[in-house]
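What follows is a single structure, written as structure tokens, with notes after it.
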Amino acid sequence: MVKRKNVSIYDDTDPPDGGQGRVKIKRRTPIYGKEAVLTAAAGRITPWTRRCVRNVLDLGFDDDDLAQLVTEALRNGRYKDSEWCEQTDDGPWAACDAYVLRRREWNHNAFKHLEFEYYIKFAIAKTGQVLLLVSCHT
């Protein structure tokens, strides 16, 4: 297997060999500090995988919604774990932090507030100015 390129700012370990999709990074705390994530999210948030692009479209989220969701996940969510994520089978890797966020939202179909649980996974790109959104779904 060929080593893949790391597009994230994290460089404490090398990405795994390709074709594995995701590989846990053994940590008890997030890779990225809250201020660094908020700074990157204020710059640009880019859905980075095809699945994430589809999920963001299904949720009907725009850039402002994504920034708000990431900010809320950092402030009120729970850090789940960190892992290396591969963009595609042939693509680059990014070291990601995953968060779970529960929040109440108005549901137009049910005509009432419901509790939703979001799973958000992201990495900070090497430039430090872009947040690569790897997962964003309920």
Side-chain angles (χ1 to χ4, degrees):
M1 290 288 177
V2 176
K3 286 277 188 186
R4 299 293 183 214
K5 180 180 179 180
N6 174 16
V7 297
S8 61
I9 202 166
Y10 174 81
D11 63 1
D12 287 359
T13 61
D14 290 330
D17 291 332
Q20 298 179 54
R22 284 173 264 163
V23 176
K24 297 291 182 194
I25 299 172
K26 292 181 175 41
R27 301 180 58 92
R28 292 181 183 211
T29 59
I31 294 170
Y32 306 107
K34 289 182 181 183
E35 289 307 313
V37 174
L38 293 173
T39 298
R44 189 174 87 204
I45 299 178
T46 300
W48 191 61
T49 63
R50 279 186 229 139
R51 186 175 184 182
C52 184
V53 169
R54 190 172 50 249
N55 289 338
V56 167
L57 288 172
D58 289 346
L59 290 168
F61 286 172
D62 62 17
D63 292 346
D64 291 337
D65 295 325
L66 293 176
Q68 180 182 1
L69 191 68
V70 168
T71 299
E72 232 180 292
L74 289 171
R75 292 192 176 137
N76 304 317
R78 176 182 54 84
Y79 167 72
K80 183 174 188 264
D81 60 15
S82 299
E83 59 188 18
W84 283 104
C85 296
E86 194 173 22
Q87 186 180 35
T88 64
D89 287 342
D90 301 349
W93 289 86
C96 301
D97 284 335
Y99 285 80
V100 176
L101 172 67
R102 295 179 68 94
R103 71 179 188 178
R104 290 181 54 81
E105 297 178 0
W106 179 258
N107 182 291
H108 296 286
N109 295 327
F111 297 105
K112 64 181 179 178
H113 282 91
L114 297 174
E115 188 151 314
F116 290 89
E117 183 174 88
Y118 288 93
Y119 179 77
I120 302 116
K121 187 167 32 174
F122 55 80
I124 298 177
K126 284 214 183 278
T127 63
Q129 303 301 308
V130 177
L131 192 71
L132 304 172
L133 199 59
V134 176
S135 289
C136 180
H137 54 84
T138 55

Euclidean distance, [Y] [atom2] relative to [X] [atom1], rounded to 0.5 Å:
X	Y	atom1	atom2	value
Leu132	Ser8	CG	OG	8.0 Å
Leu133	Leu131	CG	CG	6.5 Å
Ser135	Arg22	OG	CZ	6.5 Å
Asn6	Asp14	CG	CG	8.0 Å

Residue set satisfying salt bridge (Lys or Arg N to Asp or Glu O under 4.0 Å) with Asp81, at least two apart, ordered chain then number -> Lys24
Kindly write out the residues that satisfy salt bridge (Lys or Arg N to Asp or Glu O under 4.0 Å) with Arg102, not counting sequence neighbours, or none if the list is empty.
-> Glu115, Glu117
For residues 46-56, which side-chain N or O atoms pair as donor and acceptor with protein atoms under 3.5 Å away, sequence neighbours left out?
| unit_1 | atom_1 | unit_2 | atom_2 | d |
| --- | --- | --- | --- | --- |
| Thr46 | OG1 | Arg44 | NE | 3.1 |
| Thr49 | OG1 | Cys52 | N | 3.1 |
| Thr49 | OG1 | Val134 | O | 3.1 |
| Asn55 | ND2 | Arg51 | O | 3.4 |

Sorted by first residue and then second, give each salt bridge (charged side-chain N to carboxylate O under 4.0 Å, His left out) pair with at least one member in residues 121-138; sequence neighbours left out.
-> Glu83-Lys121
Near-ring test Phe122/Tyr99, centroid separation under 6.0 angstrom = yes
Quick check, are the ring centers of Trp84 and Tyr10 under 6.0 angstrom apart?
-> yes
Show the numbers, then the answer: is there a side-chain contact (heavy atoms from CB on, under 4.5 Å) between Leu101 and Phe116?
-> CA-CA 8 Å; Leu101 172 67; Phe116 290 89; over 6 Å; no
Heavy-atom closest pair (Cys96 atom, Ala123 atom, distance to 0.1 Å) is SG-CB, 4.0 Å
At their closest point, which heavy atom of Ala41 faces which heavy atom of Val70, and how far apart are they?
-> CB-CG1, 4.4 Å
Please list, chain by chain and in numerical order, all residues satisfying side-chain hydrogen bond (donor to acceptor under 3.5 Å, both in side chains) with Glu35, sequence neighbours excluded.
-> none
Given the rule that I, L, V, M, F, W and Y join up when any side-chain heavy atoms are under 4.5 Å apart, are [X] and [Y] in one cluster?
X	Y	value
Leu114	Leu69	yes
Ile25	Ile124	yes
Val130	Phe61	no
Tyr32	Val7	no

Are Ile45 and Asp63 side-chain neighbours, meaning at least one heavy-atom pair lies under 4.5 Å?
-> no
With side chains defined as the heavy atoms from C-beta onward, is the minimum distance between Tyr79 and Val100 less than 4.5 Å?
-> no
Please output the side-chain donor-acceptor pairs of residues 71-78 that fall under 3.5 Å, not counting sequence neighbours, one pair per line with the distance.
| unit_1 | atom_1 | unit_2 | atom_2 | d |
| --- | --- | --- | --- | --- |
| Thr71 | OG1 | Ala67 | O | 2.8 |
| Glu72 | OE1 | Arg103 | NH1 | 2.8 |

Any chance you could lay out the side-chain contact (heavy atoms from CB on, under 4.5 Å) test for Thr138 and Leu59, step after step, and finish with the verdict?
-> CA-CA 9 Å; Thr138 55; Leu59 290 168; 4.2 Å; yes
Taking the side chain from Asp97 and the backbone from Ile31, do they hold a donor-acceptor pair closer than 3.5 Å?
-> yes
